[in-house]
Structure formats: C-alpha cells, structure tokens
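Heads up: the structure comes next, in structure tokens.
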Amino acid sequence: MGMFGRLMRRGSRGNKGGVSTVDRQHLADWTQSHIGVEAYVEPETTVTPVTVVLVASDGEWTRRAVGGDKGARKLGEDLKIPVYDVRKVGYPQRMRDHDARQKIIRRREQGL
C-alpha cells in the first residue's frame with residue numbers, strides 16, 4: 001500500500017468510530033455551563049466529518065465531530081437537548097448575531 005492509501009485509511013478511522021471521549025466531555029461540559037443549548041447537525045463534506053454545533057440561548061456556540069448522524073442523535077439523547085438538521089432548519093439567527101457582536105468587539109479592541 002502506498003503512502004497516500006495509509007494516510008487516507010488513518011484519517012478515516014477516527015471519523016467512523018464515533019465521538020472521542022475528549023470531544024464528548026467538552027460537549028457535555030459546554031452544555032452544562034450554558035443555558036438553552038440546542039444541537040445542529042452539519043453534514044459531512046469532502047474535508048470534514050459529520051459535526052454538531054451546540055448553540056446556547058445567547059448565540060454562543062461550539063463545534064465538534066460526533067461520529068456521524070447516529071452519533072449526533074445519541075449525543076442529543078445523552079445530553080437531553082433538541083437536535084436539528086442544519087440542512088433543513090438552517091442556523092439560528094442568534095448564532096449569527098453572536099458572531100457579529102464578537103466581530104465588533106474584536107475590532108474595538110484592535111482600535112479599528
């Protein structure tokens with residue numbers, strides 16, 4: 001097997017097996033430390049596996065790989081939060097508003 005084949009196999013192994021314990025713990029901790037958390041499942045792309053974006057009621061968010069659609073649904077059940085398909089419902093406006101506020105804060109800090 002050539003080097004490219006080994007790299008492809010090694011890279012895909014972590015994506016298919018499920019969410020890592022580090023990512024699972026991050027998502028659980030993040031959910032407990034924020035209010036009104038919802039999960040938005042993002043589809044696999046050519047460069048990223050299936051991911052989930054957790055969005056709090058204030059629009060703050062975090063993203064992690066979750067081991068596919070089943071992993072995302074299981075995560076939602078375990079954390080007792082609603083899970084949505086971002087392809088069907090889109091991202092919540094509060095997430096975009098949060099990002100816009102953060103951009104303004106960064107510009108002010110840089111003196112722009």
Donor-acceptor list for residues 99-112 side chains, cut-off 3.5 Å, not counting sequence neighbours:
| from | atom 1 | to | atom 2 | distance (Å) |
| --- | --- | --- | --- | --- |
| Asp99 | OD1 | Trp61 | NE1 | 2.8 |
| Asp99 | OD2 | Trp61 | NE1 | 3.4 |
| Arg101 | NH2 | Asp58 | O | 2.9 |

Report yes if the side chains of Trp30 and His34 come closer than 4.5 Å at any heavy-atom pair, otherwise no.
-> yes

Path from Val89 to Val53 over hydrophobic side-chain contacts below 4.5 Å | yes

Rounded to the nearest 0.5 Å, how far apart are CD of Glu60 and CE of Met95?
-> 11.0 Å

If you look at every heavy atom in Arg94 and Ser57, which pair is closest and at what distance?
-> CD-O, 3.2 Å

For the residue pair Tyr40 and Val55, what are the closest heavy atoms and their distance?
-> CD1-CG2, 3.8 Å

For residues 65-76, which side-chain N or O atoms pair as donor and acceptor with protein atoms under 3.5 Å away, sequence neighbours left out?
| from | atom 1 | to | atom 2 | distance (Å) |
| --- | --- | --- | --- | --- |
| Lys74 | NZ | Asp78 | OD1 | 2.9 |
| Lys74 | NZ | Asp78 | OD2 | 3.1 |

Same hydrophobic cluster for Val50 and Val83, using side-chain heavy-atom links shorter than 4.5 Å among ILVMFWY?
-> yes

Would you mind reporting whether Pro43 and Val86 have side-chain heavy atoms less than 4.5 Å apart?
-> yes

Would a distance-only check, ignoring hydrogens and angles, find a side-chain to backbone donor-acceptor pair under 3.5 Å from Arg96 to Tyr91?
-> yes

Can Ile81 and Thr31 be said to form a side-chain contact (heavy atoms from CB on, under 4.5 Å), step by step?
-> CA-CA 9 Å; Ile81 59 174; Thr31 299; 3.9 Å; yes

Single-linkage hydrophobic cluster, 4.5 Å side-chain cutoff, Tyr84 and Val41 together | no

Run the side-chain contact (heavy atoms from CB on, under 4.5 Å) check on Gln25 and Asp29 step by step: do they pass?
-> CA-CA 6 Å; Gln25 189 61 51; Asp29 292 345; 2.7 Å; yes

